[in-house]
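Step one of this worksheet: look at the structure below.
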Amino acid sequence: MDQKFDDIRPFTDAEIPAAMNRIAESSALPLLASYVCPEKPLDEVRAMLRSFKTIKDFQLGVMHHANEQIIENSITQFTYGGIEQLKTSKHYLFISNHRDIMLDASLLQNVLADTGHETSQITFGANLMTHPLVVDIGKSNKMFRVERPGGSIKEFYKSSLHLSEYIRQVITKEHESVWIAQRNGRTKDGNDQTDQGIIKMFCMSKPDEKIAALSELNIAPIAISYEWESCDILKTLELYESQYTKYTKKPGEDLNSIITGILQPKGQVHIEFCAPIQRAELSAFSRLTNNEYHKAVARLIDTRINTNYRLYPNNYIAHDLRFGNKTYSDLYTQQEYDAFKQRLDSLEKYETCDIDRLKDIFLGIYSNPVDNK
């Protein structure tokens with residue numbers, strides 16, 4: 001790997017032993033170990049960490065097991081489909097809708113590992129890479145740093161080009177896949193839309209060949225669906241604050257969302273691998289301006305994701321409640337309706353808010369995917 005990417009890249013295998021030693025010595029390890037490896041004494045967990053010599057050792061020995069614990073403790077059924085459309089000999093740019101800070105990409109890694117594919121590198125927001133332990137775990141898990149928009153236009157352009165060059169090198173020269181969200185930050189209102197700026201960023205590292213710039217990245221959209229939306233109450237409150245007051249991110253808010261996403265019961269979760277985008281599909285846009293091209297590719301990805309998004313009874317219940325009808329009443333049971341209504345009514349405890357508006361936002365999170373599909 002080119003040294004110019006040292007500021008954002010994950011660890012190499014040579015850096016793993018030192019990282020494992022730091023994790024083993026961390027004061028937070030007892031808490032983490034009690035969740036990930038509750039059956040093992042702490043000294044045994046420390047010895048296990050120090051035995052890992054490669055990224056693969058850590059991913060299969062810790063991360064894969066951690067995901068299995070999450071599935072066992074907070075997911076009633078975890079499924080996936082469409083994996084047969086991927087070739088183990090190819091490397092992809094997975095562009096996914098983004099509902100949970102950690103789990104979207106983390107659960108994907110288990111599917112890839114369990115189906116004979118290599119795990120992918122994962123984008124990781126610089127806002128989350130603050131605590132040394134988080135950095136060590138993230139970079140040992142193939143996560144690479146992505147700067148959030150900010151600063152001057154010149155600085156943003158420079159960081160975007162740097163990221164574009166890194167992603168192209170990983171896929172075309174390092175022969176690894178990459179996971180990235182379709183937009184900056186999670187979808188909070190249920191509308192999964194690809195930011196055309198992301199497509200523009202991919203093209204920056206090959207500016208004179210817009211078709212080749214994307215076709216050689218082997219874009220493979222992914223649709224991830226949660227029966228119970230990750231952090232649904234937190235997202236509702238954040239959207240309310242953004243729309244009707246002034247939203248300011250609070251200290252520790254991202255960490256709270258990570259923990260809530262992991263622990264909150266999610267019901268069924270499904271990952272669908274959509275058909276990879278072919279060069280011929282991109283070539284159909286060859287006469288468009290660059291701006292129109294980026295927009296057209298973003299909409300193509302959206303079509304794939306929305307078409308393959310899995311709707312659950314909660315989505316149909318929310319739609320009927322929001323619009324005051326029973327259009328989809330044959331797609332859910334009274335028991336499912338009562339469970340959803342109970343969660344909706346839990347918003348009534350936020351007495352300083354306009355409850356009707358709060359509930360409408362909550363219903364939108366679940367009902368918008370019905371309209372989009």
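Residues: numbered from 1 along the sequence shown.
- In this structure, K139 does not pair ionically with D136, as no charged nitrogen and carboxylate oxygen lie closer than 4.0 Å.
- By the criterion of side-chain heavy atoms lying less than 4.5 angstrom apart, applied directly or through intervening Ile, Leu, Val, Met, Phe, Trp or Tyr residues, I233 is grouped together with L363 in one hydrophobic cluster.
- Ionic pairing of E216 and K206 is present here: one or more N-O contacts between side-chain nitrogen and carboxylate oxygen are shorter than 4.0 angstrom.
- Checked against F94 for a side chain to side chain contact (heavy atoms under 4.5 Å, CB included), the options I122, N218, L112 give a single hit: L112.
- Ring planes of H175 and H91: tilted class, angle from 30 to 60°.
- Residue pairs meeting the ring-ring contact (aromatic ring centres under 6.0 Å, His included) criterion with at least one member in residues 114-146, sequence neighbours excluded: F144-Y166.
- When each of I222, I199, D302 is tested with Q182 by the rule side chain to side chain contact (heavy atoms under 4.5 Å, CB included), just one qualifies, namely D302.
- At a threshold of 4.5 Å between non-hydrogen side-chain atoms, the residues S257 and L234 count as touching.
- Residue pairs meeting the ring-ring contact (aromatic ring centres under 6.0 Å, His included) criterion with at least one member in residues 257-310, sequence neighbours excluded, do not occur.
- Side-chain atoms of R99 and S230 form no donor-acceptor pair, as typed in the model, at a separation below 3.5 Å.
- Here S164 contributes atom OG and M201 contributes atom CE; the two are 6.0 Å apart, rounded to the nearest 0.5 Å.
- Aromatic ring orientation, Y332 versus Y337: parallel (interplanar angle below 30°, classes split at 30° and 60°).
- Rounding to the nearest 0.5 Å gives a distance of 13.5 Å between CD1 of I224 and CG of N308.
- Under a 4.0 Å N-O distance rule, the pair R186/D104 does not qualify as a salt bridge.
- Around atom NZ of K373, more than 12 heavy atoms belonging to other residues, nucleotides or ligands sit under 6.0 Å away.
- Formation of a donor-acceptor pair under 3.5 Å by the N368 side chain with backbone atoms of D189 is found in this model.
- If you check the side chains of S177 and S120, you find no donor sitting under 3.5 Å from an acceptor.
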key: Stepwise side chain to side chain donor-acceptor pair (under 3.5 Å) test for R310 and S225   = CA-CA 6 Å; R310 175 167 291 190; S225 317; over 6 Å; no
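- Classification of R145 and E147 as a salt-bridged pair holds, one side-chain N sitting under 4.0 Å from a carboxylate O.
- Residues satisfying the side-chain hydrogen bond (donor to acceptor under 3.5 Å, both in side chains) criterion with D356, sequence neighbours excluded, are absent altogether.
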